[in-house]
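To keep things clear, I will list the structure first and then write my remarks on it.
When a ligand or atom number is given, it counts from 1 through the structure's own listing order. These values consider heavy atoms only, across backbone and side chains, with no hydrogens, waters or symmetry-generated copies.
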Amino acid sequence: MRKTTAFVIALAAVAILAAQQQNKQPNPDLGFTDTPILPGLKWHVHDPARPHPPIVTPGATPYAPPSDAIVLFDGKDLSQWAHCASPDCGKIREATWPVKDGYFEVGKNAGDLITREKFGDVQLHIEFSEPPGITGTSQARGNSGVMLMHRYEIQVLDGYKNLTYADGQVGAIYGQWPPLANPSRPPGEWNVYDIVFEAPKFDGEKLVKPAYFTVFLNGVMMHNRKESMGPMVYRHVAHYVPQPAEDSLALQDHHNPVRYRNIWIRRLRQYDEPEK
Ligand code: MG
């Protein structure tokens, strides 16, 4: 065999070996396995085996529920809701807040409205309106509340030209943290809340992770993963007490005819880690 031929054969062999080696590596478009492991995780950086996020079809508008949302009110009825019929809400009764024209209104002394289904970590979309002609001042002006787990309140109040204490105004984590801004619309217009809530975690009696709120009102950030001090209390310092991992979302009856519409919720879970 001539030297040139031998050289060409050797080159081809090297090329084939290199190609075979390359074939052992995943398609670089899909990730890498020769990269470091991410701290505290089992995945490589750009790991091709890491599960992909579930496909979610978005709503037709940013306010419409995406495909994996639980629609709690679509303008028709309160079938997803109830009222407590015992102090611990172990017994419930039919919801009686009046529904009309695609919204419902806080009923006269009917008590808080609670979801029949219970939730932990969630993303919540809810719209509210302070009816025109509403009377009262400060905390008596259009007061209601979005109460995650029927405990942790984001204040609903007429925030348009209505002076009250900062940690009780619309958007506040009530009694704890004022919001970062006040983007209230005038009475009669619809305000939009988008809320991410991380439920507190307990190990028996011991709190191992507090609750956190991320809140937007009318597209403006109110809270950026703000730590809650505990369930809402009036004129006291909040503190945690052991509670169930999930509980009802509630809307507060503060005896003012606040209106609500377009309510949907998504359960949140890190899909590529085992459930804790
Ligand atoms: Mg309130």
*Residue pair F73, F104: steps toward the ring-ring contact (aromatic ring centres under 6.0 Å, His included) verdict*: CA-CA 9 Å; F73 180 67; F104 63 81; 4.7 Å; yes

*asked:* Under 2.8 Å from the Mg ion (ligand 1), which protein N, O or S atoms do you find? Ignore water molecules.
replied: N143 OD1, S144 O, E153 OE2, Q155 OE1, Q252 OE1

_Under the ring-ring contact (aromatic ring centres under 6.0 Å, His included) test, residues paired with F213 that sit two or more places apart_ = F197

*Going by atom types only, do T164 and Q169 share a side-chain donor-acceptor pair under 3.5 Å?*
no

*Find out whether the Lys NZ or Arg CZ of R225 is both under 6.0 angstrom from the six-membered ring centre of Y212 and within 45° of the ring's axis.*
yes

_Heavy-atom donor-acceptor pair, H83 side chain to T96 backbone, under 3.5 Å_ = yes

*Name the one of R269, K201, K209 that satisfies salt bridge (charged side-chain N to carboxylate O under 4.0 Å, His left out) with D121?*
K201

